J.: 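Below are the structure tokens for one structure; questions will follow.
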Amino acid sequence: MSESIDDLTVEYEENGQIILKELDKIVLSKGAWTTILFRYQEWKPQTSSYGPDKYVIRRYKKMGGEYRQQSKFTISSADQARKIVDALQTWIGEAEPEK
């Protein structure tokens with residue numbers, strides 16, 4: 001558990017090897033409910049290297065002074081990320097009032 005948003009991470013280590021390596025994070029919202037978008041890579045033992053970038057959106061709820069993960073959505077490929085971006089740009093463009 002983490003008491004600070006800065007301490008929240010997807011990085012995960014097992015037997016001295018970083019299995020999930022966090023590359024970046026963006027806090028999308030703060031408060032009792034916090035949403036963070038993480039960019040990370042997963043260790044591939046078959047090739048002894050990290051795979052392609054992946055992305056995950058995680059929601060945390062602050063309870064008892066600590067953030068606890070409530071839900072997550074993993075964006076598994078750059079192609080899926082582009083489709084999400086394209087859809088959001090289209091919807092936001094449609095929703096903007098005409099000038």
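Everything numeric here is computed off the predicted structure, so don't read it as measured data.
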J.: In Å and rounded to the nearest 0.5 Å, what is the CD1 to CZ distance from I26 to F38?
T.: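 Here the interatomic distance stands at 11.0 Å.
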J.: Look up atom CD1 in I57 and atom CD1 in I75, then write down how far apart they are to the nearest 0.5 Å.
T.: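 The CD1 atom of I75 is 4.5 Å from CD1 of I57, to the nearest 0.5 Å.
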J.: With a cut-off of 6.0 Å (strictly less than), are more than 12 heavy atoms of other residues, nucleotides or ligands near NZ of K44?
T.: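 Count over threshold, so yes.
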J.: Would you confirm whether T74, through its side chain, and S76, through its main-chain N or O, come within 3.5 Å as a donor-acceptor pair?
T.: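 No: the side chain of T74 does not pair with the backbone of S76.
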J.: Any heavy-atom pair between the side chains of Y55 and Q80 that's under 4.5 Å?
T.: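 No - every pair of side-chain heavy atoms lies 4.5 Å or more apart.
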J.: Would you compute the distance between atom CD of E66 and atom NZ of K61 and round it to the nearest 0.5 angstrom?
T.: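 So the CD of E66 and the NZ of K61 are separated by 14.5 Å.
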J.: Could you measure the distance from the OG1 atom of T35 to the CZ atom of R58? Nearest 0.5 Å is fine.
T.: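 Reported value, rounded in 0.5 Å steps: 13.0 Å.
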J.: Side chains of D53 and Q41: does their closest heavy-atom pair fall under 4.5 Å?
T.: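 SC-SC contact between D53 and Q41 confirmed.
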J.: If hydrophobic clusters are built from ILVMFWY residues whose side chains come within less than 4.5 Å, do F73 and V56 share one?
T.: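 No, because F73 and V56 fall into different hydrophobic clusters, even though each may have its own neighbours under 4.5 Å.
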J.: Find out whether E11 and K25 are in side-chain contact, i.e. whether some heavy atom of one side chain is under 4.5 Å from a heavy atom of the other.
T.: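 Of all side-chain heavy-atom pairs linking K25 with E11, none is under 4.5 Å.
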J.: Can a donor-acceptor pair be found, under 3.5 Å and without considering hydrogens, that links the side chain of E22 to the backbone of V10?
T.: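 Yes, the answer is positive, given that a donor and an acceptor are paired below the 3.5 Å cut-off.
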J.: Enter the distance from Y60:OH to R68:CZ here, rounded to the nearest 0.5 Å.
T.: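 Interatomic distance, Y60 OH to R68 CZ, rounded to 0.5 Å: 13.0 Å.
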J.: Between NZ of K62 and OG of S2, what distance do you get to the nearest 0.5 Å?
T.: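 So the NZ of K62 and the OG of S2 are separated by 10.5 Å.
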J.: Would you say that Y50 contacts I18 through its side chain, given a criterion of any heavy-atom pair below 4.5 Å between the two side chains?
T.: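 When only atoms from C-beta onward are counted, I18 and Y50 do touch, with a gap below 4.5 Å.
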J.: Can Y40 be reached from I84 by stepping across I, L, V, M, F, W or Y side chains whose heavy atoms are under 4.5 Å apart?
T.: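 I84 and Y40: separate clusters.
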J.: Do L37 and Y67 sit in the same hydrophobic cluster, where Ile, Leu, Val, Met, Phe, Trp and Tyr count as joined when their side-chain heavy atoms come under 4.5 Å apart?
T.: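 As far as the 4.5 Å side-chain criterion goes, Y67 and L37 are not connected within one cluster.
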J.: Is D86 salt-bridged to R82, going by a charged N under 4.0 Å from an acidic O?
T.: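 Salt bridge between D86 and R82, a charged N being under 4.0 Å from a carboxylate O: no.
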J.: In chain order, what residues pass the salt bridge (charged side-chain N to carboxylate O under 4.0 Å, His left out) check against K72, with sequence neighbours excluded?
T.: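 K72 satisfies salt bridge (charged side-chain N to carboxylate O under 4.0 Å, His left out) with no residue once adjacent residues are dropped.
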J.: Determine whether W43 and S48 make a side-chain contact, defined as any pair of heavy atoms from C-beta on separated by less than 4.5 Å.
T.: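 Side-chain contact under 4.5 Å: yes.
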